[in-house]
S.K.: 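I'd like to ask some things about the structure below.
Here is how names work: the chains are called A, B, and so on, in the same order as the sequence lines, proteins then strands, and each is numbered from 1. Nothing here was measured: the structure is a model prediction, and the numbers come from that model.
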Amino acid sequence: MSAHLAKLNPRQKEAVLHIDGPCLVLAGAGSGKTSVITRKIAYLIEECGMPARHIAAVTFTNKASREMKERVGGLVKGSAARGLTVSTFHNLGLNIIRREHKALGMKASFSIFDAEDARALLKELMLKDGDLDSDHLDLVANQISNWKNDLVIPAMAASKAASPGEAQIAEIYRRYNQALRAYNAVDFDDLILTPVRLFSEQPEVLEKWRRKIRYLLVDEYQDTNSSQYLLVKLIVGDRGGLTVVGDDDQSIYAWRGARPENLSLLKKDFPSLSLIKLEQNYRSTSRILRVANHLIAHNPHEFDKALWSEMGLGEPIRVIRCANEDAESERVAMEILSQRLKRQAKFSDFAILYRGNHQARLLEIKLQAHQIPYTISGGTSFFARAEIKDVMSYLRLIVNPDDDNAFLRIINTPRRQIGPSTLEAIGHYANERHISMFNACGEIGLGEHMPEASLERIRRFHHWVLQMGENCRGDDPVGALKQLVEDIDYEGWLHQNASAPKVAERRMENVWYLLDSIKAILQKADDDELTVEDAIAKLMLRDMLERQEEEDLGDQVQLMTLHASKGLEYPHVFMVGMEEDLLPHRTSIEEDNIEEERRLTYVGITRAQKTLTMTWAAKRKQYGEIIETSYSRFLDELPEEDVVSEGLGQHNPEVNRAQGSAMLGSLLDMLKK
DNA sequence: CTTTTTCCCATTTTT
DNA sequence: TGGGAAAAAG
């Protein structure tokens, strides 16, 4: 039929060709799910004659959506892919809100509060409340996010509150939403929730979007939360133009609201659903897949699935018992050095996976000691950097004068001699009049409560921001932004604050990079006319701004958490800390959440292409004292014939105990000397 | 404003 | 136990 199908296996072909009615593709790890999605898009456009602008593909991360865009671009020739929507859930939500802000009764320019902004706002609300100490901040932020993900509005939260404490949080929730509205802002969860509300309440708007999106494809479906699923249902309606791809065995984000049961709910909500399983794996050896299958079989399953591959049997999985965590890290470092030579592999062929970030510390020390190059993924992201947040706050305030958070961040950065007392006066004034702090700065009545000098400084700032806003809306927005950064002498401020001149230079480079990104977004006007507002909103979702991290990937060993490894693959994988209380994590054991931990282990195993090595430490320092550990229960769930144990022989309890006590004796002898 | 001191916590995290 | 962050002190 077409070139798009030639390289696919029968199951994959079936998934691509199935376009009448909703389709669930259960795609095991490494089974080519992205190929299926991208080729299905190509097939819809080129063979079914569906205009690209009526097709939308949704992913969870910017990275995934970027990759998908690229691959579709390589598949679909010429301009046929124009108008295709490939975006994250949040970006799709943002587009809907942006286009429908009138129907929503919102201003065209709104701010997006990231997690940090949201917490700052919550903190303020709770302080005002008085009797809630900010210890609960995490708890409250989490609860509110959970409510939003579960489509619970403040009134419902209040009426369903089971305890006075919960009622109190519900009240904060109400005021938090109210404050967001006053600031003309939405938080990340609102980006999904608001479109859902809009579509539920205004059928004619929904109808409009249904006419636009006629075919929807969703990646990593097991990671959707309730509101995301409802958004999907609303858009698709009963026309069945839906393909979702997911793997229930790789659901590892339940703790942040993901509902893996959405997979099985599909069957109920779309009775005509077709189920297609992709079980052929193109990544790993049979041995690795056998181990993975064997482990995950210990979880209850609604859908049975067994991965297989034609990559050959491969080497057994190695399980290495180490004396303590120090020896474990040392061993991994030595393994990497020797394996690299033996197999003529690159450093970048190795990945070390662990449960918690703190485990990276020791590994880092050992890798450094042996001069092994490495990168740790999951440090402070580009966006969390102070300099980026500062400049972004200037942009946000220019775009949306109601954004008090942005105002507070920059009013005295760099120093403008506007201190706490002045700010308090502004805050009071703004509160009484129900206007934002920035707008209060422009009012005449403000002069009452403060010295002339402070007022003058405030007036200057206010005027300057307005001027900058005008400049940005002129014909050279990027030039205006450069001017802004120079006006405030941000570079000087950075130098003044940095511990070393180098640090300041590096930070300034980040700022220029940010401006370059804005330039790039504005120039890429193949979207409709993009305003500075749109560009800033997109940036808040970290879109367009992450490739920098990927650039400096040299030949380095990769260190990351098991969570962060999902979707990636490496020839040689180490899983460290295979111990009770660590890999089934203690809190998960207490909460009886073993199944998700098992899936996490499964994800780790299936990252490996050729070899997999698991290590565990018999003793581990924990909170200062040395704890006797026991190896992870998951090791007992691996097929014996595919596993070779090392260190003290087996990880089997019997052997272990016998050899362990023998070893203990000799260890004691050694210590005595 | 910077340095010191104290205190608290110790799973996973994208947008 | 040890590291990081907030509070306090200089």
Side-chain angles (χ1 to χ4, degrees), chain A residues 58-66 87-95 97 112-118 123 133-135 137-138 141-142 145 148-149 186-193 219-220 223-225 227-228 250-258 325 353-362 365 377-384 412-415 417 419 493 496-499 537-546 549 560-567 577 579 581-591 593 596-597 599-601 603-604 620-627:
Chain A
V58 187
T59 63
F60 274 86
T61 63
N62 289 314
K63 201 170 142 205
S65 104
R66 222 179 300 130
S87 72
T88 60
F89 263 105
H90 295 268
N91 225 319
L92 177 69
L94 171 65
N95 282 329
I97 297 175
I112 299 168
F113 274 25
D114 65 15
E116 210 180 302
D117 295 321
K123 197 170 179 180
D133 52 301
S134 44
D135 283 11
L137 194 72
D138 258 342
N142 249 324
S145 180
K148 287 195 173 189
N149 289 157
V186 293
D187 65 18
F188 280 140
D189 300 319
D190 288 336
L191 289 172
I192 314 294
L193 198 59
D219 191 20
E220 302 280 15
D223 287 341
T224 52
N225 61 38
S227 64
Q228 286 161 339
Q250 291 190 69
S251 158
I252 52 176
Y253 286 111
W255 53 272
R256 64 173 202 221
E325 77 269 38
L353 310 181
Y354 37 80
R355 176 66 231 254
N357 281 123
H358 63 278
Q359 291 174 265
R361 190 170 295 139
L362 244 187
I365 292 168
S377 73
T380 25
S381 76
F382 186 74
F383 242 88
N412 213 20
T413 308
R415 297 277 113 89
Q417 294 159 53
W493 160 254
Q496 193 184 317
N497 277 68
S499 48
K538 286 205 131 198
L539 280 171
M540 283 303 294
L541 296 182
R542 301 168 185 200
D543 205 4
M544 308 286 299
L545 207 52
E546 282 165 355
E549 294 163 36
M560 69 191 84
T561 63
L562 287 159
H563 282 93
S565 75
K566 196 169 79 157
E579 293 145 42
D581 286 4
L582 240 187
L583 192 33
H585 195 270
R586 202 160 133 236
T587 40
S588 294
I589 296 172
E590 279 159 9
E591 289 165 24
N593 250 4
E596 182 147 317
E597 297 288 305
R599 289 193 291 265
L600 198 51
T601 310
V603 166
R620 191 177 286 274
K621 211 189 271 178
Q622 216 167 30
Y623 313 144
E625 54 183 342
I626 293 167
I627 303 280

S.K.: Check the distance between B/dT15's P and A/Lys148's NZ and give it to me in whole angstrom.
M.R.: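 Taking NZ of A/Lys148 and P of B/dT15, I get 19 Å after rounding.
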S.K.: With sequence neighbours left out, what residues match A/Phe89 under ring-ring contact (aromatic ring centres under 6.0 Å, His included)?
M.R.: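 Result, ring-ring contact (aromatic ring centres under 6.0 Å, His included) vs A/Phe89: A/Phe60.
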S.K.: Return the set of residues passing side-chain hydrogen bond (donor to acceptor under 3.5 Å, both in side chains) with A/Gln250 (not counting sequence neighbours), or none when no residue passes.
M.R.: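 Partners of A/Gln250 by the side-chain hydrogen bond (donor to acceptor under 3.5 Å, both in side chains) criterion, ordered by chain and then number, come out as A/Asp247, A/Arg607.
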S.K.: Between A/Asn62 and B/dT15, is there a side-chain N or O to OP1/OP2 distance below 4.0 Å?
M.R.: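 Yes, within the criterion.
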S.K.: Using the side-chain heavy atoms of A/Tyr623, tell me which of these nucleotides is nearest: B/dT15, B/dA10, B/dT14.
M.R.: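 The nucleotide sitting nearest to the side chain is B/dA10.
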S.K.: What does A/Arg361 touch in the nucleic acid at a heavy-atom separation under 4.0 angstrom: a base, only the sugar-phosphate, or nothing?
M.R.: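 It contacts sugar-phosphate atoms only.
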S.K.: Among B/dT12, B/dT15, B/dA10, find the nucleotide with the atom closest to the side chain of A/Asn357.
M.R.: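 My answer, after comparing the listed nucleotides, is B/dT12.
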S.K.: Under the salt bridge (Lys or Arg N to Asp or Glu O under 4.0 Å) rule, collect the residues that match up with A/Asp581, sequence neighbours excluded.
M.R.: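 Salt bridge (Lys or Arg N to Asp or Glu O under 4.0 Å) check on A/Asp581 returns nothing, list empty.
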S.K.: Please give the distance between the P atoms of B/dT11 and C/dG4 as a whole number of Å.
M.R.: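 Between the two P atoms, the distance is 15 Å.
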S.K.: Would you state whether a donor and an acceptor, one from the side chain of A/Thr587 and one from the base of B/dT11, lie under 3.5 Å apart?
M.R.: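 A donor-acceptor contact between them is present.
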S.K.: Could you grab the distance from atom CD of A/Glu325 to atom CD of A/Glu579, nearest 0.5 Å is fine?
M.R.: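 Going from CD on A/Glu325 over to CD on A/Glu579, the span is 8.5 Å.
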S.K.: When you measure from the side chain of A/Thr561, which nucleotide among B/dT15, B/dT13, B/dT11 comes out closest?
M.R.: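 Ranking B/dT15, B/dT13, B/dT11 by closest atom to the A/Thr561 side chain puts B/dT13 first.
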S.K.: What is the distance from atom CE of A/Met540 to atom CG of A/Asp117, rounded to the nearest 0.5 Å?
M.R.: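 Going from the CE atom of A/Met540 to the CG atom of A/Asp117 covers 5.5 Å.
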S.K.: For DNA chain C, note the earliest and the latest nucleotide, 5' to 3', having some atom under 4.0 Å of a heavy atom belonging to chain A.
M.R.: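 Endpoints of the contacted stretch of DNA chain C: C/dT1 to C/dG3.
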S.K.: Would you say the side chain of A/Ile252 lies within less than 4.5 Å of the side chain of A/His563, judging by non-hydrogen atoms?
M.R.: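 They are in contact (side-chain heavy atoms under 4.5 Å apart), so the answer is yes.
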S.K.: Give the stems involving DNA chain B, where a stem is 3 or more consecutive Watson-Crick or G-U wobble pairs (i with j, i+1 with j-1, and so on) under 3.5 Å.
M.R.: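 When the pairs of DNA chain B are grouped into runs of at least three, the stems are B:1-10 with C:1-10.
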S.K.: Round to a whole Å and report the spacing from CG of A/Leu562 to P of B/dT12.
M.R.: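 Roughly 11 Å, once rounded to whole Å.
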S.K.: Mind checking the P distance from B/dT12 to C/dA5? Whole angstroms is fine.
M.R.: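 Taking atom P in both B/dT12 and C/dA5, they lie 14 Å apart.
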S.K.: Looking at B/dT12, I'd like to know if its phosphate oxygens (OP1 or OP2) sit under 4.0 Å from a side-chain N or O belonging to A/His563.
M.R.: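 Negative; the distance criterion is not met.
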S.K.: Mind checking side chain to side chain contact (heavy atoms under 4.5 Å, CB included) for A/Asn225 and listing every partner two or more places apart, or none if nothing turns up?
M.R.: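 With neighbours one apart ignored, the set is A/Asn149, A/Ser227, A/Gln228.
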